[in-house]
Structures are given as C-alpha cells and as structure tokens.
Protein chains: 2
Amino acid sequence: MMKHKLKAYFDKYVNLSDDELELIFEKLEVVQFNKKDFLLTAGAVCNSKYFILEGLIRVYEITSNGNETITQFGVEHWWITNLDSFINKTPSRLSIQALEKTVVFAVTKTNLDYLYRAVPKLERAFRIITENMLIAIQRKDEVYMKKTSKERYFNLVKSIPNFAQRVPQYMIASYLNITPEYLSEIRKNNS
Amino acid sequence: MMKHKLKAYFDKYVNLSDDELELIFEKLEVVQFNKKDFLLTAGAVCNSKYFILEGLIRVYEITSNGNETITQFGVEHWWITNLDSFINKTPSRLSIQALEKTVVFAVTKTNLDYLYRAVPKLERAFRIITENMLIAIQRKDEVYMKKTSKERYFNLVKSIPNFAQRVPQYMIASYLNITPEYLSEIRKNNS
DNA sequence: CATATTTCTTAAGATAGCTTAAGAAGAATA
DNA sequence: TATTCTTCTTAAGCTATCTTAAGAAATATG
C-alpha cells in the first residue's frame, strides 16, 4: 500500500530504516483531489509540498492581461509546490489545480522541517531530489528558450506518454507559450 | 582572508564549528582564471563545482548551426557548474568561461561527496542552496518565457548592477535569446 | 436525447523579431 | 599612432507567430 510506495521512492536516494520510514509516514497525509480541485489558490501561502501518487495537476498563473498561463504540469512521482512561496512564506501568484482525480502525499513545511532534523537522511534525499529538479528545469530551458514552437510541441508530447490525450490542447499551448490557434495549425501541417 | 569568506557564506545556511569549517576548507581549492580561460570545455565531464569569489563567467553552448548561445552568467557568490554533467558524469555540451579575471573555490565531486558524509550540515546547506537556485531559475523562467525581448532586456540590466558595462552587448543578446541587431534597435528606441 | 458548454479549427490581416549585408565605432596591439 | 580585431548600428526585406472573428466539433449536463 501507501507506505510501500513511499519506501520504494526513497530507496532510490537513501536507505531508510523501518523506524525512519515510520516517522516520515506519520507526518505525511494522503489527500485526494477531484478534477478541478485546487491544491493551492493564488493569494494564499503554499504550506505544503505534494508528492503525486496518481493523477495529473497543473501549475498556472493569471497574468496581468487576465490570461491563464501554465508554468508546469505534474504527473505521478513528481513533487509539486510553489517553492518560493513554500520557503519564504510569501503569497503565491501561482495556483495549483488537479486536472484529473489526483492522489498525493502532502507534507507541511512544519512537518518537513521537523523531519529533516529527526531523519537526517531525508535532508540528503531532498538535496538530491532538488538537484534532479534543477537538472530537469535546465533541460527544459534548453528546449523552450532555443527551439521553435513546433519543436517544443513535439518534444513535449513524446516526452510524456499519452499527454496529448490527457490534457486539452489549449493548455498544452499555454504551457508551450503559443496560441491555441497556432498550435492547431502546427498539428494540421504535421499529421 | 579566504577562510573567512567561506565561513561568512555558509553561516547564512548552517552553523559550522571551526573543525567542520577546516575540514571543508581543506577540500576546496582556490583557482584563478584569466579572462577567456575555460573552467570547463564542451566534451569534457564537469568534475567540479565552482563558487565565484570574484569575477564573472558565462556558461554557453555551440548550437547545431554553429552559433554560441549563452545559458547562464555567474557573478560573485554564485555556484556554477554543469550540474547534469557533474552528477551523471556525462560529457558536457556546455562550456564555462571566464569573462573577467575570476577567482573561485573549486570543489571536486569526490571531495564534495566525502564532505557530505564528514560534515552532514553541509548536506543541509546544499539542500537549501539548491532550493534557492531552483527558485531563481523559476523566476527567470517567468520573465523569459512570458515577456517580450524589450522587457527581458530591461529586467536583466536592472537586476545586475553594471551588467551592461561588464558584458558585451552581443552576449547579453545571446543570453536573452534575441539577435544583437534587434537588441541594438531596442536600445535605440529606449534611450 | 437535447441543449449548453467547452474545446478545436480555419483564415485573413498584423507585428515582433529575424536575416543579410554593410559600414561605423571602439578597443587592443604592433 | 597606425593597424587590426572586436563590437555595435542601420536598414530593407522576410518569416514565425499573434490577433481577431467565426464557426465546427466534442463533451458535459439537464
């Protein structure tokens, strides 16, 4: 069950004893969100990190001209939060919303800070996890900063299986920074 | 001197005893680079992290069409490395080069891994430093993905004092993903 | 099912930013 | 100080992508 998944996940980074795992597990909460539920609404401080067990979420912002602009998608086994708001306790400009029925582990900042002290290995695990996130975002930047819309689109849909089926096209367009109209055109000319 | 600077820096994140500081200091190397020297050349594995004490560096890549494209600048008190290459020991596509006479602390992967075990607090420090880097890159993304060239330019020059004086314009253009010609035009129309 | 809502497509005209080419200005070196 | 190399500017024409507007298709809801 849940505890198993947690162990399997952390085993990739550190070796936790049963006691340590138990300690961690006690401070996590399993939360279920329905489609369109919010994990975080803009304006609030982001008090938790979420580990996605199943489902799909998006992180987005309402820009000054009133448009939604998606900055991130999260799928199974990704940690999602607004790190800036989480760490600095500043109100979030971003909202986080489930796009499908989604189940997560949620851990509050208080609990996580407690756990870092109680289970020092967790500090190592998150050091590594955060490094991996940094590498991932740097790879994304290479694609998004230097490639055309078409290249970005095909890069994305081939990197997450089924993605184009699970997410409306206009959201993909928003994430890729292109208009839905232009994305429609790209697809027409390439299929 | 050098040890002092190191202490002042880490004090922002954790409290190190003199012994711990000494241990860390022994595993660092102070290296000086002249203008145009390479800290890392494309094709090699990136074996060190560099902490910039003074100077200015750029991280760049030669794209498939033979152009240089700058992905990052590094100034005083920033850690610079190709994290992907550093962690996964893969050959780097990026090069890292000094743009001014630059002095750094260099720490090799072997030494850093040793230090994480010898000084667990360092693990915490780097967990936090890495989180801060992640926040910084996410902020950059907001500006670079969603704003016009003009906005990106003015955002950059006001965020690093003197930047426009220290770095040739064509390099700024490269970093901002615009042509030098167009940057020239932007500047003409706004001064 | 029928209607309402959400999502996707098409197409015409507009624009930001690119390409190419050339020369001007500035900085470095003999 | 002259010469060479590096960096910046100007301008004309071009292309990727956006805007606007409308209707078509798909999906959700009464």
Side-chain angles (χ1 to χ4, degrees), chain A residues 33-38 56-58 60 62-70 73 95 97-101 143-157 162-191, chain B residues 34-38 56 58 60 62-70 73 95 97-101 143-157 162-191:
Chain A
F33 295 94
N34 289 317
K35 190 171 175 168
K36 297 195 178 172
D37 283 355
F38 285 89
L56 177 63
I57 65 90
R58 66 168 177 154
Y60 72 95
I62 308 289
T63 61
S64 43
N65 47 260
N67 288 129
E68 280 182 6
T69 178
I70 295 177
F73 289 107
S95 297
Q97 187 185 35
L99 296 178
E100 300 174 351
K101 185 176 146 186
V143 176
Y144 287 69
M145 303 255 190
K146 318 282 180 185
K147 308 255 175 183
T148 64
S149 301
K150 192 158 116 184
E151 289 171 313
R152 296 204 296 280
Y153 175 70
F154 287 108
N155 180 283
L156 176 65
V157 296
N162 259 55
F163 198 64
Q165 280 69 57
R166 291 169 81 186
V167 178
Q169 228 144 88
Y170 74 91
M171 286 192 187
I172 294 183
S174 168
Y175 177 74
L176 295 174
N177 256 305
I178 59 187
T179 58
E181 294 84 356
Y182 191 55
L183 178 53
S184 179
E185 196 142 303
I186 287 171
R187 284 162 44 81
K188 181 177 61 169
N189 299 329
N190 289 83
S191 56
Chain B
N34 289 317
K35 189 170 177 171
K36 296 196 180 171
D37 282 355
F38 285 89
L56 177 63
R58 65 167 179 154
Y60 72 95
I62 308 289
T63 60
S64 42
N65 47 260
N67 288 129
E68 281 182 5
T69 178
I70 295 178
F73 289 108
S95 298
Q97 186 185 33
L99 295 179
E100 300 174 351
K101 185 175 146 187
V143 176
Y144 285 70
M145 303 255 189
K146 317 284 181 183
K147 308 258 176 181
T148 64
S149 301
K150 192 158 116 183
E151 290 170 313
R152 296 202 298 279
Y153 175 70
F154 287 108
N155 180 284
L156 176 65
V157 295
N162 258 53
F163 199 63
Q165 280 69 56
R166 291 169 83 185
V167 179
Q169 226 143 92
Y170 74 91
M171 287 193 188
I172 293 183
S174 168
Y175 177 73
L176 294 174
N177 256 304
I178 59 188
T179 58
E181 294 84 356
Y182 191 57
L183 179 53
S184 180
E185 195 142 303
I186 287 171
R187 284 162 43 83
K188 182 177 61 168
N189 298 330
N190 287 85
S191 55

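Since the structure is predicted, the reported quantities are computational estimates derived from the model, not experimental observations. Chain naming here is simple, since letters A, B, ... match the order of the sequence lines and numbering starts at 1 in each.
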- prompt: Who pairs with B:Phe73 by ring-ring contact (aromatic ring centres under 6.0 Å, His included), at least two apart in sequence or on another chain?
  reply: B:Phe163, B:Tyr175

message: One character per nucleotide, please: for nucleotides 25-30 of chain C, 5' to 3', B when the base has a protein heavy atom closer than 4.0 Å, S when only the sugar-phosphate does, - otherwise.
response: ------

B:Gln169 vs D:dT9: side-chain N/O to OP1/OP2 distance below 4.0 Å: yes

- prompt: Once you round it to whole Å, what is the distance between P of D:dT17 and OH of A:Tyr153?
  reply: 15 Å

message: Tell me every residue that passes side-chain hydrogen bond (donor to acceptor under 3.5 Å, both in side chains) with B:Asn155, counting only those two or more places apart in sequence or in another chain.
response: none

Tabulated below should be each protein N or O lying under 3.5 Å from an N or O of nucleotides 11-18 of chain C; please produce it.
unit_1: C:dG17; atom_1: OP1; unit_2: B:Ser149; atom_2: N; d: 3.3
unit_1: C:dG17; atom_1: OP1; unit_2: B:Ser149; atom_2: OG; d: 3.3
unit_1: C:dG17; atom_1: OP2; unit_2: B:Tyr182; atom_2: OH; d: 3.0
unit_1: C:dC18; atom_1: OP1; unit_2: B:Asn177; atom_2: O; d: 3.4
unit_1: C:dC18; atom_1: OP2; unit_2: B:Thr179; atom_2: N; d: 3.2
unit_1: C:dC18; atom_1: OP2; unit_2: B:Thr179; atom_2: OG1; d: 3.3

task: Sequence neighbours left out, what passes side-chain hydrogen bond (donor to acceptor under 3.5 Å, both in side chains) with B:Asn67? Give chain and number order.
output: B:Asn65

message: How many whole angstroms separate atom CG of A:Asn67 from atom C1' of D:dT19?
response: 12 Å

Any residue meeting side chain to side chain contact (heavy atoms under 4.5 Å, CB included) with A:Lys101, in chain and number order, not counting sequence neighbours: A:Gln32, A:Asn34

query: Only one of B:Gln169, B:Arg187, B:Lys147 forms a side chain to side chain donor-acceptor pair (under 3.5 Å) with B:Tyr153, so which one is it?
result: B:Arg187

- line: The complete set of salt bridge (Lys or Arg N to Asp or Glu O under 4.0 Å) pairs with one or both residues in residues 165-182 of chain B, sequence neighbours excluded, reads B:Glu100-B:Arg166

- prompt: Who pairs with B:Gln97 by side chain to side chain contact (heavy atoms under 4.5 Å, CB included), at least two apart in sequence or on another chain?
  reply: B:Lys36, B:Phe38, B:Arg58, B:Tyr60

task: Grab the OH-P distance between B:Tyr170 and D:dC5 for me, whole Å please.
output: 15 Å

statement: Angle separating the five-pair end axes of the helix from C:dC1-D:dG30 to C:dA30-D:dT1, nearest 10°, is 50°

message: List the residues meeting salt bridge (Lys or Arg N to Asp or Glu O under 4.0 Å) with A:Glu151, not counting sequence neighbours, and say none if there are none.
response: none

Pairing residues for B:Lys146 by the side-chain hydrogen bond (donor to acceptor under 3.5 Å, both in side chains) criterion, not counting sequence neighbours: A:Thr69

query: B:Thr179: what forms a side-chain hydrogen bond (donor to acceptor under 3.5 Å, both in side chains) with it, not counting sequence neighbours?
result: none

